[in-house]
Amino acid sequence: MDLAVFLVQCLNALQYGLLLFLVASGLTLIFGILGVINLAHGSFYMIGAYLAYALAPWAAANVGGGFFTALAIGVVLSIAFGYALEWGFVSYLYQREHLQQVLMTYGLILVFEELRSILVGDDVHGVAPPAWLTGSVQLGDVMTYPVYRLFMSAVCVLVALALYAVIARTRIGMAIRAGASNREMVQSLGVDIRLLYRVVFAAGVALAVFAGMIAAPVSSVYPGMGNQVLIISFVVVVIGGIGSVRGALVASLLVGVVDTFGKVLIPQTAGILVYVLMAAILLWRPEGLFRTG
Amino acid sequence: MNKSALSHALPLAAAGALLVVFPFVGGKFYVDLMVTTMILGIFALSLELLVGLTGLVSFGHAAFFGIAAYATALLAPQAAAASIAWLLPAVLAITTLAAAAIGALSLRTRGIYFIMVTLAFAQMAYFVFHDMKFAGGSDGLYLNIKPVLALGSVTLLDLDRPLTFYYVTFGALVLVYGLLAAVRRARFGHALAGIKANEQRMRAAGFSTYPYKLAAFALAGGLAGVAGFLYAVKDGFVNPEILAWHQSGTVLLMLILGGIGTLRGAVIGAFLFVVLKELFQSEALFGSFARHWQLPLGLTIIGCVALMPNGITGLPSQLRSLRTPVPHAG
Amino acid sequence: MLDDQILLAASNLSRRFGGLTAVDRVSLALVRGEVHAIIGTNGAGKSTLVNVLAGELPPSSGRVHLQGRDVTRWPQPRRARGGIGRSYQRTTIFPRQTVFDNCRLTAQAHHQHPFDLFNAAARCAESTKLAHRAIEQAGLSGQANRIAGTLSHGQKRQLEIAMCLATAPQVLLLDEPLAGMGAEETERMLGLLAALKPGHAILLVEHDMDAVFRIADRITVMVNGTVIATGDPVDIRRNADVQTAYLGDIDVPGPATVPA
């Protein structure tokens, strides 16, 4: 592998890992704070991608502006959707056993998939990135790299920093750090538990939808995309530790590296390496790298 | 036999008798469907051991169903009928070993982690069969000639014959049911139930709980292998989709439909699932909307868990507790 | 005190959680025929100490000896099979089973026979016998067929002890067995403990000072993870450090206030 290829793969690994972090961080927060295992999290990612496909032309025609307007609208919609879903559905899951949560959210996946099939169909679609983000850019004399992928990584880093700021600096962030096991501490910090749950869930949904939206130009928009990202996100959460956003970041990057370089170096075992990594971590640290609480 | 045992045995015997005579009253399509239902019943029973008795919620049980089905297709020779006498034990041994290996790693986790990890390992198995050439990739594999059981030159059981296959499947269902009933009655089963109820208390009493859980996981995997073997032989074709995580979700759904915690619940749940699926996929009822059958299925799952969490077999006690207020002891 | 009567000995046990030292170099010996009570303020490390002795938590340093054998590395189930029984502060009975089934299941730990799929668990003669004996010892003889969840609170605590006794332990680690009990139930439990004394070495973690001073043969006082005093009840009552530590916290009863 020569230097150019190696660097390109590094950037690919970074981009994939950071995108994964957006999805997995929402998942791990929802697990850690709400104590709910939500299989439908991958569906939000899929919804995001299909939103990007559907909203961009609509936004261009009606509101002016294209891709970024669609992003903004998508985020607002997803927060509202997440809020409503928590209020109307997820809040009933809190006291239930894991098995019931698993099955109810599994049922939700089926509902989302079929609704999407009915409303938008089963075709695969491409989404064009904004014109000024297409093409490749020269990096040093060694290589060129697609601009849009750099943009994706940059956006993910910004979101990660924003997450860090919220968790480290705000009262809601303190409540998040206190964790689900410490309800009294959370309440003594002056944070309303019900509000916290709703905010965390809506944020998780928004993160996954946003990830799907910005990933759409790169991965295209197809029916099974939610399931794939969901299971890899589970692997990330297992490796990183439930409830730990820092763990999700480290684990996402680890998975990004293993998956990307694995596909390049040993193509036959491409899909499996991530699970081998998970198995190895399980042997060493069954509770994840950064177990909280 | 006392009254309570009789009230359990009679319905079972009646159901068994119905299954025995079914091929003579049902048309070919329905007999075939019944075979599929019985195979799914064995699959569901194997998971009941894990989820219902031991309290280990696995979302990756399809892996063992699939590994057994693929092992059957891969080990069976292309040109001649394999003998069940070696093929079945070999398939079961492979499947049980795989379950022991996956279980050994997965059981290092608990609760939510365990669910996610079992799902991930099943997905790993899916990719093994989907991506690797030896297993036919996404196209799948054919089982050309169905295995037989022969003594010398006398063929005792030819699984190529539908009627024979029906009764072999029925026999397998009865054997698996009986085995699990014995497990639940025995000290092993009681220990598993104790682990489900309060693992800490069992450890404090002196039970090393990890070996028990691992044994349950391996046994459950092996029994799922029985179902996988029969599945591969039935249609002579396997493809990676049988390891898809949707299969793991489907078998969990069967347990919840029938009611977790009883053996008959697992079998009834399998039956109910097949009925519901046929219903939702029926174009006669739903017209062209029938291709979106997963929508009513998803709603049914949500409704069942929300309204009928103990399944069909738990319905009588659920209704009873609604009518009379249960006194709470201190 | 003969050495072979020391059933469980802890030497310099410590348990740290990150920066917090919950148990700091605690040594004690449990002797057959004695009730050894551990008292202390909340957060003194008493429950952690019990968990380390039982094997639920490994110690950060120090040793545990069970009848002369070094069991420091033994996990809890192995220690339980070796003769340590424990009861929990929060009741850990199986509420949906009968009292008898509860005890028979814990008794099964000594007759596990996991590969025997032919015989019904309920027909296991040895565990049945152990269960009946434990039920009788705990004073629940008439209740054997009642569903455990329907028992009164005091009876549930008795069942908790019975489940512990069903494994025929030599050492009993009892974590607040009197928790939530009224006067009559407390009397019954104290009678039970007195009856159990001759055959067992009993460690008792308790907050009920009256009960402790009535039943204990030795008392260890813990504050912030360390032992500040060990001795018989008379010495502890007179101990200046104990009085300082408990000033305003607990009324250490003098002779006149101990009920007959």
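Chain identifiers are assigned alphabetically (A, B, ...) following the order of the sequence lines, protein sequences preceding nucleic acid strands; residue numbering begins at 1 within each chain.
Of the listed residues (V128(B), L299(B), I302(B)), the one with the most heavy-atom contacts under 4.5 Å to chain A is I302(B). Interface remark: of the candidates L110(A), L108(A), L93(A), L110(A) forms the most heavy-atom pairs closer than 4.5 Å to chain B. Comparing L115(A), T105(A), N227(A) by how many heavy-atom pairs each has under 4.5 Å with chain B, the most go to N227(A). With chain A as the partner, the residue from C304(B), S106(B), A120(B) showing the most heavy-atom pairs under 4.5 Å is A120(B). Most heavy-atom pairs under 4.5 Å with chain B, from the set I118(A), V276(A), V235(A), V102(A): that is I118(A). Contact count against chain A (heavy-atom pairs under 4.5 Å) is highest for I112(B) among L105(B), I301(B), I112(B), T109(B).
The distance from atom CZ of F59(B) to atom NE2 of H98(A), rounded to the nearest 0.5 Å, is 14.5 Å. To the nearest 0.5 Å, atom CD1 of residue I272(A) and atom CG of residue D131(B) are 6.5 Å apart. Annotation: the span from M116(B) atom CE to I239(A) atom CD1 amounts to 11.0 Å, rounded to 0.5 Å. Annotation: the span from R291(B) atom CZ to S117(A) atom OG amounts to 5.0 Å, rounded to 0.5 Å. Distance check: L99(A) CG to I256(B) CD1 gives 5.0 Å after rounding to the nearest 0.5 Å. Taking CD of E113(A) as the reference point, atom NE2 of H292(B) lies at 12.0 Å (rounded to 0.5 Å).
Contact of V57(B) with chain A is made through the side chain alone, with heavy-atom distances under 4.5 Å. Looking at V237(A), both its backbone and its side chain come within 4.5 Å of chain B, counting heavy atoms on both sides. Of the two parts of I109(A), only the side chain, counted from C-beta on, holds a non-hydrogen atom closer than 4.5 Å to a non-hydrogen atom of chain B. For T250(B), the parts sitting under 4.5 Å from any heavy atom of chain A are the backbone and the side chain alike. With a 4.5 Å cut-off on non-hydrogen atoms, M124(B) touches chain A through its backbone and its side chain both. Interface residue M278(A): only side-chain heavy atoms are found under 4.5 Å from chain B. Heavy-atom distances place the side chain of F89(A), and not its backbone, under 4.5 Å from chain B. Proximity to chain A involves both the backbone and the side chain of A306(B), based on heavy atoms less than 4.5 angstrom apart. For a residue to count as touching a neighbouring chain, one of its non-hydrogen atoms must lie under 4.5 Å from one of that chain's; by this rule L255(B) does not touch chain A.
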>> Using the rule given for side chain to side chain contact (heavy atoms under 4.5 Å, CB included), can you reason through W245(B) versus L230(A), listing the C-alpha separation, both sets of side-chain angles and the distance that settles it, and then say yes or no?
In response: CA-CA 11 Å; W245(B) 67 305; L230(A) 174 76; 3.5 Å; yes
>> Please evaluate residues F121(B) and L282(A) with respect to the criterion side chain to side chain contact (heavy atoms under 4.5 Å, CB included), reporting the C-alpha separation (whole Å), side-chain torsions for both, the decisive distance (0.1 Å), and the verdict.
In response: CA-CA 12 Å; F121(B) 275 124; L282(A) 277 178; 4.2 Å; yes
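Separation of the Y106(A) and H246(B) ring centroids falls under the 6.0 Å cut-off.
Within a 6.0 Å radius of CZ in F114(B), more than 12 heavy atoms belonging to other residues, nucleotides or ligands are found. For OH of Y53(A), the number of neighbouring non-hydrogen atoms (other residues, nucleotides, ligands) closer than 6.0 Å is 12 at most. Other residues, nucleotides and ligands contribute at most 12 non-hydrogen atoms within 6.0 Å of the CZ atom of R110(B).
Contact detail for Q123(B) and Y275(A): the closest heavy-atom pair is CG-OH, 3.0 Å. The heavy-atom pair separating L295(B) from E114(A) by the smallest distance is N-CG, 3.3 Å.
No donor-acceptor pair closer than 3.5 Å links the side chain of R108(B) to the backbone N or O of P286(A). A donor-acceptor distance shorter than 3.5 angstrom exists from the side chain of Y113(B) to the backbone of I242(A), with no hydrogens or angles considered.
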